[in-house]
Amino acid sequence: YFQKYIKMAIVKSGKVVIILAGRHAGKKAVVIKNIEDGNDDKRFSHCLVAGIARGPRKVTRGMSKKKVEKRSRTMKPFVKYVNVRHVFPTRYQVDMDLKKAVDEA
């Protein structure tokens, strides 16, 4: 007996994932929106993810407040659509209401 593959919605909104391919490979991100069946532009299932491309630099006790502020500003976020096959879901979930946070921004 042959059965078509069953869709498993593991990649849901709020799930923490690791990007597997591209410029941000190896970076952690959070799924904001999931498009299961694709759309006219992208015919494959994909998701909108947001993560940190470059984290803050190391800060020590001897640094001045100005230097600490400068090193904290080096953070760089990324937001992009990624194919579902190029993300690795982790067991962690973010409890924020991401759609509300995105609509406010």
Side-chain angles (χ1 to χ4, degrees):
Y1 126 92
F2 180 75
Q3 183 180 359
K4 290 216 174 213
Y5 65 93
I6 300 168
K7 286 187 182 179
M8 294 177 61
I10 296 173
V11 182
K12 293 181 182 173
S13 180
K15 188 74 141 171
V16 176
V17 296
I18 298 171
I19 308 293
L20 297 176
R23 180 191 300 181
H24 303 295
K27 301 282 193 240
K28 289 182 257 336
V30 178
V31 175
I32 296 171
K33 191 163 104 178
N34 187 17
I35 295 96
E36 296 248 347
D37 299 326
N39 54 21
D40 295 337
D41 190 33
K42 296 175 176 65
R43 294 187 181 170
F44 47 87
S45 56
H46 55 281
C47 53
L48 179 67
V49 297
I52 298 175
R54 185 173 58 229
R57 297 182 67 191
K58 186 178 176 183
V59 175
T60 60
R61 201 175 355 167
M63 292 181 185
S64 65
K65 284 189 176 184
K66 184 178 177 183
K67 192 164 191 175
V68 169
E69 177 65 31
K70 187 177 180 182
R71 285 177 161 251
S72 298
R73 274 188 272 134
T74 62
M75 289 181 62
K76 183 179 176 185
F78 69 89
V79 178
K80 68 181 293 185
Y81 282 102
V82 182
N83 190 333
V84 174
R85 293 180 180 211
H86 297 161
V87 296
F88 181 79
T90 63
R91 63 182 179 177
Y92 300 104
Q93 188 87 17
V94 176
D95 291 335
M96 275 177 47
D97 185 18
L98 294 171
K99 291 189 180 189
K100 183 180 172 189
V102 169
D103 291 340
E104 289 175 2

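Computed from a prediction, not measured in an experiment: that's the story for all the values here.
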Output for pair (Lys15 NZ, Arg91 CZ), nearest 0.5 Å, gives 10.5 Å
On a heavy-atom basis, the closest approach of Val11 and Cys47 is CG1-SG, 4.1 Å
(message) When you compare the side chain of Lys80 with that of His24, does any pair of heavy atoms fall below 4.5 Å?
(response)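 A side-chain contact exists here, since the closest heavy-atom pair is under 4.5 Å.
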Do Ile19 and Val82 come within less than 4.5 Å of each other through their side chains, counting heavy atoms only?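 A side-chain contact under 4.5 Å exists here.
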- Please lay out, stage by stage, how Asn34 and Val84 fare under the test side-chain contact (heavy atoms from CB on, under 4.5 Å). CA-CA 9 Å; Asn34 187 17; Val84 174; 4.2 Å; yes
Of Val31, Val30, Thr90, the one forming a side chain to side chain contact (heavy atoms under 4.5 Å, CB included) with Val17 is Val31
*State whether the side chain of Gln93 and the backbone N or O of Ser13 hold a donor-acceptor pair below 3.5 Å, judged by distance alone.*
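Judged by distance alone, yes, a pair lies under 3.5 Å.
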Could you pull out all donor-acceptor pairs under 3.5 Å where a side-chain atom in residues 48-69 meets a protein atom, sequence neighbours excluded?
unit_1 : atom_1 : unit_2 : atom_2 : d
Arg54  : NE     : Thr74  : O      : 2.9
Ser64  : OG     : Lys67  : N      : 3.3

Problem - hydrophobic_cluster_shared for Ile18 and Tyr92, side chain cutoff 4.5 Å - result: no
Cluster membership besides Phe44, Ile/Leu/Val/Met/Phe/Trp/Tyr side chains within less than 4.5 angstrom, sorted by chain and number, is none
